[in-house]
Amino acid sequence: MAQGGRDGFTSTFGALLATLGSAVGLGNIWKFPSLTGSNGGAGFLAVYLAATILVGLPVMIAETMLGRAARADAVTSFDRLAPKGQWWWKGIGWMGFAAALLIMAFYSEVAGWVYAYIFKSVTGEISTVDPKVAAVVFGKLVADPTSSLIWQWVVLGVTGVIIAFGVSKGIEAVARRLMPLLFVLLLVLCVRSLSLSGAWQGLAFLFNPDFAKITPAVVLTALGLAFFKLSLGMGTMLTYGSYFRDDQNIPATAARVMLADLSVSLLAGIAIFPAVFAFGFEPAAGPSLVFMTIPAVFTSMPGGVVFMTVFFVLTAIASVGAILSLLEVPVAILSQRYRMNRKLAALTTIAIIAVMGCPAALSQGAMANVKLFGFNPFDLFDFLSSNVLLPLGGILICLFVGWVVGLAGPERRLSVDGSLANRVTIRTVFFLIRYVAPVAIAIVLLNGLKLF
Ligand code: TRP
């Protein structure tokens, strides 16, 4: 317990780990490689890096600070911080509520595939370097309605139980233990992948940009990924910030999380792309890319089955930290704002996601022909959240902090009442939040959606 009886992170290091636990997840291991592969490689990576540093980092600082200043859930925080009468700001929190459910609906399905791959790894079913065989195994899993749904429900069950136990016991305990091991295994994968013959092609794909491939839609996808990766734009960082201690150094925490998160993504990229070219996989395969390539790298090394099993177990655990942080947004709103019992709030949220998750789970099987705006439900949820709601939430958070809250509050709060000498940093961040980020996001959003 911290801060006037509210549950919270008990140490500054614990808060850093939980925030990292939220950021690092399937976004690094699944989404980043898939999107990089299907959007042309290095050029996409360059735009993604720029978006992360110039927009992601400042928004992360702003969002976390709002939560710590208000010490409330994503909706109530805006009630507390907005000037009297400006009730509409809390719409940001409600948008976050909706985005959390949309993201969870497809994210829990991908986590389900990871759980399933733990077992397929043990049975040897996925021990193949042949792209055709790998595609059949993956295709069978995602096309089968029963297994798609059951694995999703297993994921929801596991995370629902953890979230019901509360912030410090649940999230902190899980986040503390897992990251370093995953990092080491990714390093092992990188070494193996880089030693395959033809590995250099993968490196060139990842690091030698061809800017001709960058369209407005690609830029929007890179920006959406930057938000998705750092869990921004929908109240996760705000809610976590509300559990931070008063003496937590927010800019330093945010910068560390960003750097660590980027390194995990890059390692995943270096583990995957050399192997993609060495074994003849298709870099633009999309969501299936990782599930075919990673087993191939493990299969080609001694002790592969053991390493592969451990890898999928760790990825499953990494996804838990991210899912917990997604669930925390609606659970905090229901339990703190509406005084719902925390366990009931967790159960309600999980139940809603289980219903919304069905169309996402069935997208590659029973509902493969259901298309809305040209997307199947899985892709639609992904597009709507990452490419629309998160950037929109980001613009609104920037406008709120930059133009409504003003500089004085952030300057005091981010310097911990003057005890941190970081004035220049704060002013730079504030400038980015006030002018650069909202304009950049707006242009990218309007262009990317072809509204402009
Ligand atoms: N950042 C996580 C990942 O990359 C996913 C995630 C957790 C998220 N919380 C979020 C994405 C909030 C957007 C918003 O796997």
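Read the numbers this way: they start at 1 and go in the same order the structure lists the ligands and their atoms.
Listed as neighbours of ligand 1 are Ser22, Ala23, Gly25, Leu26, Gly27, Ile103, Tyr107, Phe228, Lys229, Ser231, Met234, Thr236, Ala322, Ser325, Leu326, Leu390, each bearing a heavy atom under 4.0 Å from the ligand.
If you check the side chains of Thr76 and Asp79, you find no donor sitting under 3.5 Å from an acceptor. Using modelled atom types and a 3.5 Å distance limit, the side chains of Lys31 and Ser386 yield a donor-acceptor pair.
A search for side chain to side chain contact (heavy atoms under 4.5 Å, CB included) contacts involving Val219 returns Val47, Ile214, Val444, not counting sequence neighbours. Partners of Trp151 according to the ring pair (Phe, Tyr, Trp, His ring centres under 6.0 Å) rule, which considers only residues two or more places apart in sequence or in another chain, are Phe119.
For residues 48-76, every residue pair satisfying the ring pair (Phe, Tyr, Trp, His ring centres under 6.0 Å) rule, not counting sequence neighbours, is listed here: Phe32-Tyr48.
Side chain of Glu109 to backbone of Ala360: no donor-acceptor contact under 3.5 angstrom is found.
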